[in-house]
2 protein chains.
Amino acid sequence: MRAEGLVRKGAAVTTTPTAVAAGGRDLPHPAREEIRLEDVLHALSDPLRLRIVRELAADGGALSCSHFDLPVTKSTTTHHFRVLRESGVIRQVYRGTTKRNALRREELDGLFPGLLDCLLAAAGRQAVRLGGS
Amino acid sequence: MRAEGLVRKGAAVTTTPTAVAAGGRDLPHPAREEIRLEDVLHALSDPLRLRIVRELAADGGALSCSHFDLPVTKSTTTHHFRVLRESGVIRQVYRGTTKRNALRREELDGLFPGLLDCLLAAAGRQAVRLGGS
DNA sequence: GCCGTACTACGAGGGCTATCGTACGACTCG
DNA sequence: CGAGTCGTACGATAGCCCTCGTAGTACGGC
C-alpha cells in the first residue's frame with residue numbers, strides 16, 4: 001500500500017531539516033492557568049498513566065521515559081506521556097538523548113490544594129486492597 | 001430476556017424502606033469493594049457529570065434526574081447518570097415515576113478518604129477561577 | 001381504563017482514544 | 001564518520017464514548 005511517496009530519501013532530496021522537531025526541541029506545556037481539572041482527571045483515569053504518575057511521585061525526581069517498564073510499545077508510551085504533559089500533570093525536558101519527566105507538583109498543589117496527595121493516597125490504598133504491592 | 005421482570009411488587013410486599021424500597025425495578029450498583037479509582041476519575045472527567053456531582057454534593061440529599069437542567073437530551077442525561085452509577089459515584093433508587101440520585105459519600109470516603117472533598121473543592125476553585133459560579 | 005410524566009432501551013452517527021508498526025531525527029560514544 | 005540509544009511522527013485499526021431520535025415501559029392520577 002502506501003504509494004511510493006518516499007524514494008530513498010537520503011539520495012537526491014534536498015534534505016532540508018524543516019526544523020519542525022529540530023531546533024531547540026522544546027515541548028509545549030499548558031500554562032498553569034490553563035490546567036483544567038477535567039483534563040487532569042481524564043489523564044489519570046488510565047491505569048497506565050496512573051501508574052506512571054505514582055512512580056514519578058514515589059521517586060520525587062525526574063525519570064526518563066525508558067526507565068518505566070510498561071507493557072506497551074514505545075509509540076504508545078510516547079502517547080501516554082504526551083497526554084500527561086498536555087493535561088498539565090507532568091513536565092518534560094530534553095536532556096541529551098533522554099527526556100526527563102517530572103510531576104508539576106507545586107503548580108498542581110497551587111491550583112488544587114491537596115488533590116494530588118489525595119489521589120496518590122487513594123491509588124496506593126487501592127493497590128494494596130487489590131493485592132498489589 | 002426479560003424473564004425476570006415478574007417481580008410485580010404490587011401485592012403484599014413488605015415495603016421495607018431500605019431493601020427493595022419503592023419498586024420492582026432494581027438498578028445494578030457496584031459493590032463497595034468493586035469501585036475502582038480509575039472508573040471514578042473517568043466518570044468525573046466529563047464536565048456534565050462533574051457538574052451533576054457538584055450539585056448533588058451541594059444539596060446533600062437525593063435529587064431526581066429531571067431536577068437538573070442540562071443542555072442535552074433526556075437520553076444523554078440517562079447515559080450520564082448511568083455512568084455515574086456504574087462507576088460507584090452515585091446511588092439511584094426508584095421512587096414512583098422519578099428516580100432519586102444520591103452520592104455514595106460514605107462508601108467513597110471509606111475507600112478513598114478525603115478524595116471526594118478534595119475533588120469538590122478543586123472543582124469549586126476552578127469554577128470560581130473561570131468566572132463561573 | 002386512559003393519559004401524562006419520568007425514565008429506559010436500542011440503534012446510529014461522529015469523534016476521540018489506545019495500540020501498533022514502520023520510518024525518521026537527535027544525541028552520544030567509539 | 002558509523003553505530004547504537006532514545007524518543008517522535010505518521011498512518012492504520014479497533015474500540016469506546018457522547019450525542020441524538022425514536023420507541024417503549026413503569027407509575028400515578030383522572
Side-chain angles (χ1 to χ4, degrees), chain A residues 1-11 13 15-28 38-39 42-52 63-87 92-101, chain B residues 1-2 4-10 13 20-28 38-39 42-52 63-68 70-87 92-101:
Chain A
M1 338 306 246
R2 157 164 340 218
E4 59 289 9
L6 29 109
V7 237
R8 292 279 228 112
K9 169 175 194 140
V13 189
T15 67
T16 37
T18 65
V20 56
R25 291 238 280 171
D26 274 352
L27 291 164
E38 294 92 327
D39 296 334
H42 172 252
L44 297 181
S45 69
D46 183 282
L48 231 53
R49 292 194 289 260
L50 186 56
R51 171 171 156 186
I52 291 172
L63 299 173
S64 72
C65 290
S66 57
H67 173 271
F68 298 86
D69 190 24
L70 302 174
V72 291
T73 64
K74 286 196 301 178
S75 304
T76 307
T77 301
T78 297
H79 161 70
H80 284 305
F81 274 99
R82 191 218 298 248
V83 172
L84 286 172
R85 185 187 75 236
E86 292 182 345
S87 67
Q92 295 186 296
V93 178
Y94 278 106
R95 182 173 187 206
T97 85
T98 70
K99 211 165 52 172
R100 299 194 336 171
N101 302 279
Chain B
M1 36 177 60
R2 308 198 41 82
E4 50 81 18
L6 46 88
V7 184
R8 287 292 303 158
K9 74 95 192 183
V13 182
V20 195
R25 292 183 289 170
D26 275 355
L27 291 164
E38 294 93 328
D39 296 335
H42 172 252
L44 297 181
S45 69
D46 183 280
L48 233 51
R49 292 194 290 259
L50 186 57
R51 171 171 157 187
I52 290 172
L63 299 173
S64 71
C65 289
S66 56
H67 174 270
F68 298 86
L70 302 174
V72 291
T73 63
K74 285 189 147 198
S75 304
T76 306
T77 302
T78 296
H79 160 71
H80 284 306
F81 274 100
R82 190 219 288 254
V83 172
L84 286 172
R85 185 188 75 235
E86 292 183 344
S87 66
Q92 294 186 296
V93 178
Y94 279 107
R95 177 159 196 222
T97 82
T98 71
K99 212 165 50 172
R100 296 212 148 190
N101 301 279

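Per chain, numbering begins at 1; letters A, B, ... match sequence-line order.
Closest non-hydrogen pair, B:Thr98 versus B:Ser64, comes out as CB-CB, 4.2 Å. When all heavy atoms of A:Pro71 and A:Leu48 are compared, the pair lying nearest together is CD-CD1, 4.0 Å. When all heavy atoms of B:Arg49 and B:Ala43 are compared, the closest pair comes out as NE-O, 2.7 Å. In plain terms, the two heavy atoms of B:Ile52 and B:Phe68 that are nearest each other are O-CE2, 3.9 Å.
Taking side-chain N and O atoms only, A:Arg82 has no distance below 4.0 Å to OP1 or OP2 of D:dG7. Contact annotation: A:Thr76 reaches the phosphate of C:dC20 (side-chain N/O to OP1 or OP2, under 4.0 Å). Look at A:Thr97 and you won't find any side-chain N or O under 4.0 angstrom from OP1 or OP2 of C:dA26. Remark: B:His80 is in phosphate contact with D:dT19, judged by side-chain N or O atoms under 4.0 Å from OP1 or OP2.
In this structure, a donor-acceptor pair under 3.5 Å is absent between the side chains of A:Thr78 and A:Ser75.
When heavy atoms are screened at a 4.0 angstrom cut-off, A:His42 is found touching the sugar-phosphate backbone but no base atom. Contact annotation for B:Ser64: backbone-only contact, meaning every heavy-atom pair under 4.0 Å involves sugar-phosphate atoms and none involves a base. Contact annotation for A:Ser66: backbone-only contact, meaning every heavy-atom pair under 4.0 Å involves sugar-phosphate atoms and none involves a base.
Rounded to whole Å, atom P of D:dC6 lies 15 Å from atom CG of A:Leu63. What separates CZ of B:Arg95 from C1' of C:dC7 is a distance of 16 Å, to the nearest Å. The interatomic distance linking A:Asn101 (CG) with D:dG7 (C1') rounds to 11 Å, in whole Å. The interatomic distance linking B:Glu38 (CD) with C:dT17 (P) rounds to 18 Å, in whole Å. Rounded to whole Å, the distance from CZ on A:Phe68 to P on D:dG7 is 10 Å. Rounded to whole angstrom, the span from the CZ atom of A:Arg100 across to the P atom of C:dC27 amounts to 16 Å. Between the CG atom of B:Asp46 and the C1' atom of C:dC16 there is a distance of 13 Å, rounded to whole Å. B:Phe81 places its CZ atom 8 Å from the P atom of C:dC7, with the value rounded to the nearest Å.
With distances taken from any side-chain atom of A:Tyr94 to the nucleotides C:dC7, D:dG7, D:dC18, the minimum falls on D:dG7. For A:Thr73, taking side-chain heavy atoms from C-beta onward, the closest of the listed nucleotides C:dG21, D:dG7, D:dC17 is C:dG21. Closest to the side chain of A:His79, from the set D:dG21, D:dC6, C:dA18, is C:dA18. Here D:dT19 is the nucleotide among C:dT28, C:dA18, D:dT19 with the atom lying nearest to any side-chain atom of B:Val72.
Residue side chain A:Ser75 reaches the base of C:dG21 through a donor-acceptor N/O pair under 3.5 Å, judged by distance alone. Contact annotation: side chain of A:Lys99 to base of D:dG7, donor-acceptor pair absent below 3.5 Å.
Exactly one of A:Arg95, A:Gln92, A:His67 qualifies for a side chain to side chain contact (heavy atoms under 4.5 Å, CB included) with A:Arg100. That residue is A:Arg95.
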